[in-house]
Amino acid sequence: MKVYQTNEIRNVALIGGNRTGKTTLAEAMAFHGGVVSRRGTVEDKNTISDYREVELERQQSIQSTVMYAEFEGKKINMIDCPGFDDFIGETIGALRVVDTALMVINSQNGVDVGAEIQWRRTKSMNVPVMFAVNQLDHEKANFDETLHQLKEYFGGSVMPFQYPVNAGVGFDSVIDLLQMKLLKFPANGGKMLVEDIPADQMDKAEEMHNALIEAAAENDEALMDKFFEEGTLSEDDMVKGLKLGIANRGTFPVICIAAKTDQGVDRLMDLVIKNCPAPSEAPAMKATNGNEHKFNAAEPFVGFVFKTTIEQHLGEVAFMKVCDGTINKADDVLNTNTNTKERISQLLVFAGKNRVEVDKAVAGDIIATIKLKSTPTGTTLVAKGDDIIEPTAYPDPKFRTAVRAKNSADDEKLGQALNEIRKTDPTFLMEQSKELKQMIISGQGEQHLNIVKWMIEKLNKIEVEYYAPKIPYRETITKSAEAMYRHKKQSGGSGQFGEVHMLIESYYDGMPTQTKYPIRATETYDLPWGGKLIYNNCIVGGAIDARFMPAILKGIMEKMEEGPLTGSYARDIVVNIYDGKMHPVDSNELAFKLAGRNAFKEAFKNAGPKILEPIYDVDIFVPSDRMGDVMTDLQGRRGIMMGMDAEGAFQMIHAKIPLAEMNKYSTTLSSITSGRASYSMKFAEYQQVSADVQGEIIKKYEEEHKDEE
């Protein structure tokens with residue numbers, strides 16, 4: 001493979017809803033680009049994109065697949081992305097490094113849920129979009145309705161570059177509004193024929209062509225002046241203006257294809273090369289120190305790892321975009337993640353399951369390498385300096401569950417398997433929770449975590465089960481209380497003796513210091529789980545020796561780590577140790593630790609104990625016609641409405657909802673909105689639960705604790 005220069009490279013992500021034909025289109029583009037000599041199909045399970053075992057079994061994309069095609073002396077890097085929102089992390093990673101998103105639309109169904117969701121993602125990430133209306137050879141294809149929906153959902157800047165003459169069974173022709181020619185596609189591929197536009201199509205073609213000219217002129221002042229002077233633009237001028245419009249998201253072209261029968265794909269690739277921005281024409285990659293990397297081959301090398309996979313016979317593969325400079329096989333680079341040197345042992349160009357070794361890549365290209373150490377997704381590699389490319393912003397998890405191996409002997413293997421998955425999926429999180437005594441895994445939805453389970457069981461041969469995750473409650477008090485506890489034990493020889501008297505209070509910012517007992521010393525602790533503990537030594541007259549005060553604190557802290565109500569962490573408490581007794585022989589640290597622990601437990605129960613629960617800020621993006629159903633469901637989840645914002649035909653609902661009520665919410669929301677709604681959630685605060693809810697929580701805990709005993 002030749003070394004492609006920056007202006008010869010186009011980076012495109014294939015995005016869109018499920019079953020729109022993205023993988024089929026990627027296969028056809030690879031065929032036209034000479035990567036494969038024969039096109040595979042999803043049904044025959046022989047495409048170069050969906051080649052992983054889970055994808056073959058389910059016949060859908062689970063991971064993004066990096067591919068390429070060589071076409072008309074240019075290189076098109078393609079990333080075939082999954083259609084389901086549960087795997088949105090794969091799409092986000094791809095959108096971070098491409099310069100255009102090619103959104104595939106099924107002409108039978110028009111704008112679907114996946115298109116709506118992924119459009120919002122391209123908008124937030126400022127990525128140009130082209131639409132490929134696919135499956136125009138299907139009997140239910142409806143281009144006019146699809147175009148109407150595209151304009152309705154995504155605005156008047158959606159501009160058809162083509163329209164079909166005979167959509168449906170027998171589809172083989174489109175009017176190309178740039179060339180003002182009829183393009184005829186032979187059945188099942190082959191060289192397209194360029195003919196004059198039939199007379200019965202000329203009026204429609206000219207009207208749409210003129211609209212395209214105006215759209216092109218609007219993107220450049222010089223072209224606008226020329227348009228006013230001459231009343232038209234040449235094809236080259238149109239291409240120039242439209243290219244500017246595409247790059248700044250002022251124009252969104254619509255192209256016609258039937259990928260399965262390979263019709264229109266070569267013209268689509270031609271339009272990508274001529275109209276999509278090269279890397280040097282796209283926004284720069286920004287570093288955390290403010291530097292910008294503009295894909296300049298003359299600068300020192302900077303590469304950004306945007307994806308990590310584990311491939312059979314290769315091990316861990318790091319996919320990177322070259323942000324500046326060039327990279328050569330055998331180069332030494334600095335890993336800014338570890339501040340250590342790495343040797344680039346191999347440079348690979350991937351086309352799905354196929355790969356080619358190359359010697360060099362330049363700025364703007366997408367490349368892969370292997371055998372790097374500690375180079376997860378998001379790592380920056382540099383020839384010199386310490387620039388770190390800004391990390392990709394992935395959404396917070398929305399679905400959580402507890403997981404365990406059915407055979408406890410597999411616990412260690414399970415942890416290793418989950419760590420391997422975490423390496424390749426930034427939206428998957430795992431935590432061995434000391435607090436909850438559970439392995440908690442989190443992802444983007446139920447389907448996401450079902451795929452994780454499939455991988456563990458099929459690939460790692462570990463039988464696992466999912467079960468309800470516990471809620472990380474907090475315990476605190478609402479009033480003051482005093483208690484004393486005497487620990488006394490005698491069993492031959494020296495015994496154990498310690499007596500502790502304490503006053504506990506509810507802590508809050510700006511609270512006054514208690515005056516009932518004089519405070520000799522104060523220690524303040526910011527607790528790892530949130531909140532504070534204030535530990536006051538109020539002992540006078542040597543009732544308790546100072547050397548036993550740390551032991552008392554240790555006992556209190558042990559009980560705070562396993563609160564008296566539900567075993568949850570306790571927080572925001574002031575403890576005043578004001579009296580006690582010692583024995584000259586039997587007093588020791590253990591005795592005072594136990595006395596402190598039990599005195600705290602007794603005082604806590606008499607201090608108006610309350611349970612706090614985690615509350616999340618939840619933003620729900622929902623179609624206006626489904627608002628009522630969603631809001632009714634929120635009320636049943638103890639949700640509190642915080643406001644709404646309108647966004648076209650959608651509403652953004654802002655709410656606060658207890659984590660305890662969010663279990664499997666993604667599945668419920670999808671069900672009541674037919675998959676059209678999406679949401680995000682982020683921890684906000686802890687709030688006190690109501691008395692009835694607290695009673696239910698304590699009762700449930702006591703029942704579970706009884707079973708454990």
Side-chain angles (χ1 to χ4, degrees), residues 1-15 22-40 46-52 61 63-81 90-91 93-102 104 130 132 259 262 265-266 268-280 282 295 297 303-309 311 314 317-323 326-327 329 346-370:
M1 180 185 293
K2 81 170 206 176
V3 177
Y4 287 91
Q5 301 306 307
T6 305
N7 63 351
E8 298 174 320
I9 296 168
R10 302 292 183 271
N11 297 313
V12 177
L14 304 184
I15 67 172
K22 300 181 297 298
T23 297
T24 301
L25 175 58
E27 189 79 5
M29 293 175 73
F31 173 73
H32 279 276
V35 176
V36 294
S37 57
R38 182 178 180 180
R39 288 181 292 121
N46 60 353
T47 62
I48 61 171
S49 180
D50 285 359
Y51 64 91
R52 304 166 187 91
S61 299
Q63 298 182 29
S64 63
T65 302
V66 180
M67 309 173 69
Y68 75 94
E70 297 176 283
F71 191 77
E72 296 180 0
K74 304 290 194 295
K75 182 187 180 193
I76 302 175
N77 290 315
M78 308 170 290
I79 306 181
D80 179 19
C81 300
E90 297 287 326
T91 301
L95 291 176
R96 183 72 198 283
V97 296
V98 299
D99 310 308
T100 308
L102 185 59
V104 184
M130 296 176 71
D262 198 16
V265 176
D266 51 353
L268 179 149
M269 296 173 73
D270 181 55
L271 290 168
V272 166
I273 287 170
K274 291 178 179 176
N275 292 274
C276 292
S280 54
F295 309 103
F304 177 70
V305 177
F306 69 92
K307 178 179 174 65
T308 306
T309 65
E311 300 287 335
L314 283 180
V317 179
F319 291 87
M320 76 176 91
K321 186 173 186 181
V322 183
C323 303
T326 62
I327 184 71
K329 180 180 176 180
Q346 283 184 285
L347 283 178
L348 301 168
V349 175
F350 272 69
K353 62 184 177 183
N354 300 335
R355 49 190 174 268
V356 176
E357 190 167 355
V358 297
D359 294 325
K360 180 180 180 180
V362 303
D365 210 348
I366 289 175
I367 205 77
T369 189
I370 59 174

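Values reported hereafter were calculated over all heavy atoms of this structure, with side chains retained and with hydrogens, waters and symmetry mates removed.
- Asn11 is listed as a side-chain neighbour of Pro279, based on a closest heavy-atom distance under 4.5 Å.
- Side-chain atoms of Glu27 come within 3.5 Å of backbone N or O of Gly40 as a donor-acceptor pair.
- No side-chain donor-acceptor contact under 3.5 Å links Thr6 to the backbone of Gly364.
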>> With side-chain contact (heavy atoms from CB on, under 4.5 Å) as the criterion, how do Val35 and Met67 come out once you've worked through the C-alpha distance, each side chain's angles and the decisive distance to 0.1 Å?
In response: CA-CA 9 Å; Val35 176; Met67 309 173 69; over 6 Å; no
> Does the pair Ile366 and Ile9 meet the rule for a side-chain contact (heavy atoms from CB on, under 4.5 Å), with working shown?
Replying inline: CA-CA 9 Å; Ile366 289 175; Ile9 296 168; over 6 Å; no
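- Counting heavy atoms from C-beta on, the side chains of Leu314 and Thr309 never come closer than 4.5 Å.
- With hydrogens and angles disregarded, a donor-acceptor distance shorter than 3.5 Å links the side chain of Lys321 to the backbone of Val97.
- In summary, the side chains of Thr23 and Asp80 do present a donor paired with an acceptor at a separation below 3.5 Å, with no hydrogens or angles considered.
- Between Glu8 and Lys2 there is a salt bridge, since at least one side-chain N of the basic residue sits less than 4.0 Å from a carboxylate O of the acidic one.
- In plain terms, the two heavy atoms of Ala361 and Ile367 that are nearest each other are CB-CD1, 3.9 Å.
- A salt bridge does not link Glu311 to Lys353: none of the charged side-chain nitrogens sits closer than 4.0 Å to a carboxylate oxygen.
- Side-chain atoms of Thr65 and Gln63, non-hydrogen and from C-beta on, never get closer than 4.5 Å to each other.
- Contact between Val317 and Ala368 at its shortest, heavy atoms only, is CG1-CB, 3.9 Å.
- Looking at Thr369, its side chain does come within 3.5 Å of a backbone N or O of Gln346 through a donor-acceptor pair.
- Considering CG of Asp262 and CE of Met29, their distance stands at 11.5 Å, rounded to 0.5 Å.
- Proximity of Val3 to Thr326: side-chain heavy atoms (C-beta onward) are nowhere separated by under 4.5 Å.
- Looking at every heavy atom in both residues, Met269 comes nearest to Ala69 through CE-CB, 3.8 Å.
- Here the closest non-hydrogen pair linking Cys81 and Lys22 is O-CE, 2.9 Å.
- The heavy-atom pair separating Ala30 from Ile48 by the smallest distance is CB-CD1, 3.9 Å.
- Without hydrogens or angle criteria, Arg96 side chain to Phe306 main chain gives no donor-acceptor distance under 3.5 Å.
- You'll find the side chain of Leu25 reaches within 4.5 Å of the side chain of Val265, heavy atoms only.
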>> Applying side-chain contact (heavy atoms from CB on, under 4.5 Å) to Val272 and Lys74, what does each step give before you reach the verdict?
In response: CA-CA 10 Å; Val272 166; Lys74 304 290 194 295; over 6 Å; no
>> Does Ile76 form a side-chain contact (heavy atoms from CB on, under 4.5 Å) with Ile273? I'd like the steps, not just the answer.
In response: CA-CA 8 Å; Ile76 302 175; Ile273 287 170; 4.0 Å; yes
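- Heavy-atom minimum distance, Arg52 versus Ser64: NH2-O, 3.5 Å.
- With Arg10 contributing its side chain and Asn7 its backbone, the two residues share a donor-acceptor pair below 3.5 Å.
- Residues Leu102 and Met78 fail the side-chain proximity criterion, which asks for heavy atoms closer than 4.5 Å.
- Residue Met320 holds its CE atom at 11.0 Å from CG of Asp365, rounded to the nearest 0.5 Å.
- A distance of 12.0 Å separates CD1 in Ile327 from CG in Asp359, rounded to the nearest 0.5 Å.
- Using a distance-only test at 3.5 Å, with no hydrogens or angles considered, no donor-acceptor pair links the side chain of Lys329 to the main chain of Glu357.
- The line from CG of Asp266 to CZ of Phe31 is 10.5 Å long, rounded to the nearest 0.5 Å.
- Within the model, atoms CG of Asn354 and OH of Tyr51 stand 9.5 Å from one another, a figure rounded to the nearest 0.5 Å.
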